Amino acid sequence: MTTRCLVSISDYSKEEIIEVLQSASEFEKNPNQRLLEGKVVASLFFEPSTRTRLSFETAINRLGGRIIGFADASSSSVQKGETLKDTIKMVDNYCDLIVMRHPVEGAARYASEVAKHPVINAGDGANQHPSQTMLDLYSIYKTQGSLENLNICMVGDLKYGRTVHSLLQAMSHFHPVFHFVAPKELRMPDEYKIYLDELGIPYYEHTELSEQVMNIADILYMTRVQKERFADLLEYEKVKNVYILKNSMLNGTKDNLRILHPLPRVGEIDVDVDDNPKAYYFEQARNGVFARQAIICKSLGIK
Amino acid sequence: MASKKELQVSAIENGTVIDHIPADKLFDVINVLCIDKIQNNAMTFGTNLKSNQQGKKAIVKIWDKFLEDGEVNKLALVAPEAKINIIKDYEVVEKKLVQVPDNVDGIVKCMNPKCVTNYEYVPTKFTVVNKSPIVLRCRYCEKMTDQQNFVII
Ligand SMILES: [Zn+2]
């Protein structure tokens, strides 16, 4: 029985990704399994994220585990100036597993070196959010039947959006073709394009969400285009409406196309898309609980 | 000024001579090699010396200490052009070349201001992802720090 941290999506090999996805689908069939009976899980949210916290805590509860922790740092000793190291050392004495979210990049990796028990990263600043990536992968796997040879179209803020970067890294195991649709200011950074070049994975860059791109996509991964990202607000006004997905745009798309979004959305997906069977973002969020059950069990070497 | 040969190896019987350090990098070299922590070896430092190739150079001589490859390779981050001579019985018995290492622990700051290594006491750890120019990937925040942005700790 080996324990296993999940700090960065690159911590999992291709085989481990598949193993966790298969385990997630078992949990979907049978979500209440008391595999964490007698275990204590620390849920440390140094910055608030209700969505992620509730998903993790639901997963822990469905597995019969107990939870200790805090929902934001203001109610903890961190407020009194305790270092991350000291907080982790203290909590590590009490629990079997640490789930943590922290605004500082690399905080979870550091915690995994300090703690004796495994650490699951529930987001470290703009760096990694691997459980989001696993639920995205699970959503793709479930809706497409496979992760292999898919046309993945990523839309919106591809520069700062950590979810698209991690998804890109994880999907790279499975022979994808990528389409990046973004305004110039928010293009996919060069380091990820170099990464794809080295792996020989094809990608195409677009500035418009055109019919041609939409109609070949298997997955349309939408992200928020945030006003704060623009130095020039005039530029924001120009591009914000270019990336709004409307139901009428889905007419010529493939039957198997599914629309994903990490949520919360702002205005980038019109509400008239919600009733289209190709809209998958609400179920995607639900898949998060199963993916997290699978990640938690893997981290403790259970199953 | 004394002849070149005399300047480089004079008065050191056994030890290491680090030559051809750019004059403005002398203190970085001292830092990186932790020379200031050496207690019992005699040392001399020279700087702003004339060099035919470099304009101004610095030189470090350490008596009775023979730098290991791992130590030599740390110089790749601050003074890749430095030449290391191992001296025994007043003779140069080995010239070591500076090679860029695969991993860098400490030495350089992570350039990402939001990185945990810049928030609390966490020694930096990098993987070298490119050797020329040198690009380092932080083990913690996973961001790159490139040669133009090296800040020596
Ligand atoms: Zn860093």
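All of these numbers come straight from a predicted model, not from anything done at the bench. The sequence lines fix the lettering, A, B, ..., with proteins before strands; numbering per chain opens at 1.
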Report task. Would you please say whether a donor-acceptor pair under 3.5 Å links the side chains of Asp124(A) and Asn127(A)? Result -> yes
Query raised in the report: Using a distance-only test with no angle check, is there a side-chain donor-acceptor pair under 3.5 angstrom linking Asp136(A) and Tyr221(A)?
Result: yes
Query raised in the report: Looking at Phe66(B), does the NZ or CZ of Lys88(B) lie under 6.0 angstrom from its six-membered ring centre and within 45 degrees of the ring axis?
Result: yes
Query raised in the report: In terms of heavy-atom proximity below 4.5 Å to chain A, should Asn118(B) be classed as side chain, backbone, both, or neither?
Result: neither
**Report entry** Short side-chain to backbone donor-acceptor contact, Asp89(B) and Glu91(B), under 3.5 Å
**Finding:** no
**Report entry** Contact listing (chain B partner; residues 101-115 of chain A; heavy atom under 4.5 Å)
**Finding:** Val104(A), Glu105(A), Gly106(A), Ala107(A), Arg109(A), Tyr110(A), Glu113(A)
Query raised in the report: Could you walk me through whether Tyr203(A) and Tyr192(A) pass the ring pair (Phe, Tyr, Trp, His ring centres under 6.0 Å) check?
Result: CA-CA 11 Å; Tyr203(A) 60 86; Tyr192(A) 294 101; over 10 Å; no
Query - Test log, rule side-chain hydrogen bond (donor to acceptor under 3.5 Å, both in side chains), inputs Asp92(A) and His117(A) - result: CA-CA 7 Å; Asp92(A) 192 36; His117(A) 294 103; 2.7 Å; yes
Requested in this report: Name, in order of residue number, those residues of residues 158-176 of chain A that have a heavy atom at a distance of less than 4.5 Å from a heavy atom in chain B; otherwise write 'none'.
Outcome: none
**Report entry** Cationic tip of Lys298(A) above Tyr12(A) ring, under 6.0 Å, 45° of axis
**Finding:** yes
Query raised in the report: Does any N or O in the side chain of Thr3(A) come within less than 3.5 Å of the main-chain N or O of Gly301(A), such that one atom is a donor and the other an acceptor?
Result: no
Query raised in the report: For Ile84(B) and Thr16(B), which heavy atoms make the closest approach, and how far apart are they?
Result: CG2-CG2, 3.7 Å
Report task. If the plane angle is over 60° it's perpendicular, under 30° parallel, otherwise tilted; pick one for Tyr204(A) and His179(A). Result -> parallel
